[in-house]
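Taking it in order: structure first as structure tokens, then the write-up.
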Amino acid sequence: MSEQSASDRAALDGMKVPYHIGIIMDGNGRWAKERGLPRAMGHREGAEALKQVMEAAADFGVKELTIYAFSTENWSRPPQEVKHLMMLLDYFLERELRRFDEQGVQLRHIGRREGVEPKRLARIQEAVALTANNDRLILNVAFNYGGRAEIVDAIRAICKAGLSPDEIDEETISEHLYTYRSPDPELIVRTSGEFRLSNFLIWQASYAEVYITDVYWPDFGREGLLKAILAYNERERRYGGVTVES
Ligand code: FPP
């Protein structure tokens, strides 16, 4: 175990570590702009940051991460930027896949399949199949994802299954979301200081704690994740109830 890992684990001793964390990886563009670099460089650094955060998450005992990689709204970005983000995803799936597999990462895709280029979709499905039995860390990649679209798709699936209105409750909806295999995230992290969910896990995040930091995503890293988990431990989760004073 590295010295850093040992000291981080000591900081987490006795702390609750969330099982599932959702992350809105924001601020790549501003990170690049502040350095006089093209936005593409910010996304590239963002992809590097993601690898560090995945490793740290597994090390800290987080079992599941859901990352907002590309939203249904992101298609409206300049074509050059969309192309670069697709290239990064391809790179991620091709070059890093073996390493993820060796590290015990299970990749899952959440999002709409329609609208994704068939070749890319096939690559995503191959990566999902290859890593399906890994269990050190589950990485849900929200790609071509929108929270409202997810709820619409769930309702369509429920209608197609022929359920009657009386048979539908909250659990039915949860079971038909893209995240049907995952418990709701206890913590949502957003970098770069914006106070919005931006259509990310809007059903699943109903009772999640939200942690917002001014740090841009490329600078978040292991230390950022540790701080987010420590801040989560300061919160009191009441799920709409009250705390009974003794
Ligand atoms: C938001 O930053 C970030 C994104 C829209 C994409 C996130 C993508 C990565 C971190 C790249 C790697 C991901 C994978 C899965 C390969 P922004 O561009 O909105 O930043 P800004 O608000 O400062 O402009």
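Counting starts at 1 for both ligands and their atoms, in listed order.
Cluster annotation: L107 and M86 are assigned to the same hydrophobic cluster (Ile/Leu/Val/Met/Phe/Trp/Tyr, side-chain heavy-atom contacts under 4.5 Å, transitive). The cluster map of Ile, Leu, Val, Met, Phe, Trp and Tyr, joined by side-chain heavy atoms under 4.5 Å apart, puts M15 and Y211 in the same cluster. L130 is connected to V141 through a chain of hydrophobic side-chain contacts under 4.5 Å among Ile, Leu, Val, Met, Phe, Trp and Tyr, so both are in one cluster.
When only non-hydrogen protein atoms are considered, atom 1 (C) of ligand 1 lies nearest to M25 O, 3.3 Å. Nearest to atom 15 (C) of ligand 1 among the protein's heavy atoms is A69 CB, 3.7 Å. For atom 14 (C) of ligand 1, the nearest non-hydrogen atom of the protein is L50 CD2, 4.3 Å. Of all protein heavy atoms, the one closest to atom 11 (C) of ligand 1 is H43 O, 3.7 Å. When hydrogens are left out, the protein atom nearest atom 20 (O) of ligand 1 is G29 N, 3.0 Å; that is the closest non-hydrogen contact. Atom 22 (O) of ligand 1 has its closest protein heavy atom at R30 NH2, 2.9 Å. The closest protein non-hydrogen atom to atom 24 (O) of ligand 1 is R39 NH1, 3.0 Å.
Below 30°, between 30° and 60°, or above 60°: for F200 and Y68 the angle between ring planes is below 30°, a parallel geometry.
Side-chain contact of Y19 with E186: a donor-acceptor pair under 3.5 Å is absent, judged by distance alone.
Contact annotation for R77 and ligand 1: only side-chain heavy atoms (C-beta onward) come within less than 4.0 Å of the ligand.
Nearest to atom 5 (C) of ligand 1 by heavy atom, out of V53, N28, N74, is N74.
Remark: K63 does not engage D135 in a salt bridge, criterion side-chain N to carboxylate O under 4.0 Å.
Heavy-atom neighbours of R35 CZ from other residues, nucleotides or ligands within 6.0 Å: above the threshold of 12.
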